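Since the structure is predicted, the reported quantities are computational estimates derived from the model, not experimental observations. Indexing begins at 1, ligand by ligand and atom by atom, following the structure's order. Note that the numbering runs from 1 along the sequence shown for the chain.
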Amino acid sequence: MNDDTIAAISTPPGEGGIGIVRLSGPQSFAIARKIIFFPREIKEPESHRLYYGYVVDPKDNSSIDEALVSFMRSPRTYTREDVVEINCHGGIRPLARTLELVLSCGARLAEPGEFTQRAFLNGRLDLAQAEAVIQIIRAKTDTALRVGMNQLTGGLSSEVKKIRAQLLAVLARIEAAVDFPELHDVEEITRREIGEEVAAAGAEIEALLKTADKGKILREGLLTAIIGLPNVGKSSLLNALLREQRAIVTDVPGTTRDILEESVNIGGIALTVIDTAGIRKTENKVEKIGVERSRAALSRADLVLLVTDLTRPFAEEEMQLLQSVGKRPCIIVANKADLVDDVEERKAAILRRAAGREVVATAAVRGQGLEELEDRIKHLVFQGEAMASGAVYVTTARHKDALKKAQKALHDLKKALDDKVPVDLLSVDLHNALAALGEITGETVGDDLLNEIFSSFCIGK
Ligand SMILES: Nc1nc2c(ncn2[C@@H]2O[C@H](COP(=O)(O)OP(=O)(O)OP(=O)(O)O)[C@@H](O)[C@H]2O)c(=O)[nH]1
Ligand SMILES: [Mg+2]
């Protein structure tokens, strides 16, 4: 347990109905009582109850703000330490003054994420659960929120702990075999059983790894670039997806010069959609930079919407753009479908040239074909499967890397088994796998990594 008391403003800066200064640590109650005047005298505050009072500067007894104060006694608190929350009016000055007073009475300003870090260090949350807190705060869609909540309540942690327990049991078997080396039979049975157990654990890790790509998309959203030649209707498509006239649309090719980024929620997936300048050779200085930015957006996109004009044949430049998309998901948006009578034939012609890609016909200016486009996007992400409630997703690169490390260790172990390496030497790989899994839940994790994780949190969380 920490012996210093930390404090921070836990609500976002700006104006709001209320704003909260939070304290955690052994001096929380004492510090709060120094700066709050309670009209009704309290001898010993009851835990988890609200008290009415005034924030008062002890130097000159001037009132700073009116407040409701809760005292929460360790260990039933967010950090497991004594916690006080001072509910002030939600303005910049009352909160800043209250925080100053708290700091002048002996609290220290909290680092970003330090409250949650204490919750972790004091054993209230494991590391994956602590990381879920920030995912919940940053969730842009209900799906992301659900995945975050599932991780917070231990969905991922319990899977990982199950695999760890399985491997610990294997370790026990190895140790038994090492303790009774004279029993050759024991060793033979043990080898087979170790092999089976390790394969089972490996399969579970594999299943978790399979969720990682989707998990990342659910958490971070999908970076989607709208790409194409000039005047095909890229900006019109962005506006249609947003249901808002966000980008300038004209019949002049080369209208969009700079890239434009907007968020849109499609079936629970947060898309960051980038409208780009039409790609063409140009001598215009401004447009040239725009085209470079379009190419940069194309190169970092998770999903590409290649817009083409159905009234014209699919061009060679468009084939080249498709090539730069490579293996990433891409949908060809065949736009201006309202201007032609033979949509299906023209679509088929595109399909012949861009074999293996999906083509959706739209009339962006009328919002036609949008539903189908949105369905295709959802389908690309979820591959047709509905997201089961309570399904576990691996959502961060950190978890994915740790699982890969564990998988590699088990792979080495399997190879050692096949190579008839003596049983007592197998425990090295097992320890490696256990350590890698422990990084996810935080059993085996260094201070540097902890600092890195919690410093990405907001102050006051
Ligand atoms: N009839 C019809 N016209 C469209 C459609 N989509 C776009 N347009 C028209 O096509 C022209 C170009 O549209 P934009 O959305 O500006 O095209 P863009 O691809 O962003 O063009 P640049 O920014 O110049 O690269 C405008 O006059 C639009 O009104 C469509 O579905 N049907
Ligand atoms: Mg445009």
Side-chain angles (χ1 to χ4, degrees), residues 223-264 266 271-301 303-322 324-325 330-351 354 357-377:
L223 193 65
T224 306
I226 304 180
I227 299 283
L229 304 186
N231 216 40
V232 292
K234 299 180 295 300
S235 301
S236 305
L237 179 65
L238 174 81
N239 291 344
L241 288 170
L242 293 175
R243 274 103 182 143
E244 184 192 327
Q245 297 307 313
R246 176 69 182 83
I248 300 172
V249 167
T250 73
D251 55 3
V252 182
T255 299
T256 304
R257 296 295 176 89
D258 209 346
I259 60 172
L260 214 85
E261 248 183 70
E262 287 294 329
S263 301
V264 50
I266 292 184
L271 258 59
T272 303
V273 187
I274 311 175
D275 178 25
T276 64
I279 293 183
R280 65 169 168 185
K281 285 211 172 59
T282 168
E283 291 310 315
N284 182 298
K285 207 167 153 186
V286 180
E287 197 180 351
K288 226 178 188 160
I289 299 172
V291 170
E292 278 163 24
R293 291 191 176 178
S294 303
R295 291 200 182 275
L298 170 58
S299 68
R300 66 190 171 101
L303 166 68
V304 176
L305 302 178
L306 178 73
V307 184
T308 177
D309 182 341
L310 260 189
T311 63
R312 292 187 333 228
F314 200 66
E316 196 43 48
E317 292 96 312
E318 291 173 315
M319 284 304 292
Q320 283 165 14
L321 283 178
L322 264 188
S324 10
V325 173
C330 171
I331 299 173
I332 299 175
V333 181
N335 193 37
K336 307 197 186 181
D338 53 315
L339 296 181
V340 297
D341 298 326
D342 49 350
V343 174
E344 287 311 314
E345 279 111 85
R346 285 171 191 258
K347 251 178 79 175
I350 296 175
L351 268 173
R357 303 284 185 175
E358 298 199 44
V359 184
V360 177
T362 60
V365 283
R366 303 178 176 189
Q368 241 168 275
L370 273 194
E371 237 172 80
E372 189 188 344
L373 178 61
E374 291 174 348
D375 279 348
R376 293 291 178 98
I377 293 172

Are any of the side-chain heavy atoms of M319 and E316 separated by less than 4.5 Å?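 Yes, their side chains come closer than 4.5 Å.
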
Non-hydrogen side-chain atoms of L241 and E374 separated by less than 4.5 Å: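 The answer is yes; the side chains approach within 4.5 Å.
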
State, without any angle test, whether T282 and N284 hold a side-chain donor-acceptor pair at a distance under 3.5 Å.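 There is no such pair between these side chains.
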
Return yes if a side-chain donor-acceptor contact under 3.5 Å exists between T272 and S263, otherwise no.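 Judged by distance alone, the side chains do not pair up.
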
Return all side-chain donor-acceptor pairs below 3.5 angstrom for residues 357-366, not counting sequence neighbours, or 'none' if the list is empty.
| from | atom 1 | to | atom 2 | distance (Å) |
| --- | --- | --- | --- | --- |
| R357 | NH2 | G326 | O | 2.9 |
| E358 | OE1 | R376 | NH1 | 2.6 |
| T362 | OG1 | N335 | OD1 | 3.0 |

With 2.8 Å as the threshold, which protein atoms of type N, O or S lie near the Mg ion (ligand 2)? Leave waters out.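 Those protein N, O or S atoms (cut-off: under 2.8 Å from the Mg ion (ligand 2)) are S235 OG, T256 OG1.
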
What pairs with Q245 under side-chain hydrogen bond (donor to acceptor under 3.5 Å, both in side chains), at least two apart in sequence or on another chain?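 Partners of Q245 under the side-chain hydrogen bond (donor to acceptor under 3.5 Å, both in side chains) test: N239.
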
Are any of the side-chain nitrogens in E317 or R280 under 4.0 Å away from the carboxylate oxygens of its partner?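 Salt bridge absent between E317 and R280.
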
Under 4.0 Å between a side-chain nitrogen and a carboxylate oxygen: does that hold for K234 and D275?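 Looking at K234 and D275, the cut-off is not met.
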
Amino acids in close contact with ligand 1, where any non-hydrogen atom sits under 4.0 angstrom away: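 The 4.0 Å shell around ligand 1 contains P230, N231, V232, G233, K234, S235, S236, V249, T250, D251, V252, P253, G254, T255, T256, G278, N335, K336, D338, L339, A363, A364, V365.
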
CA sep, side-chain torsions, deciding dist, call: R300, E261, salt bridge (charged side-chain N to carboxylate O under 4.0 Å, His left out): CA-CA 13 Å; R300 66 190 171 101; E261 248 183 70; 3.5 Å; yes

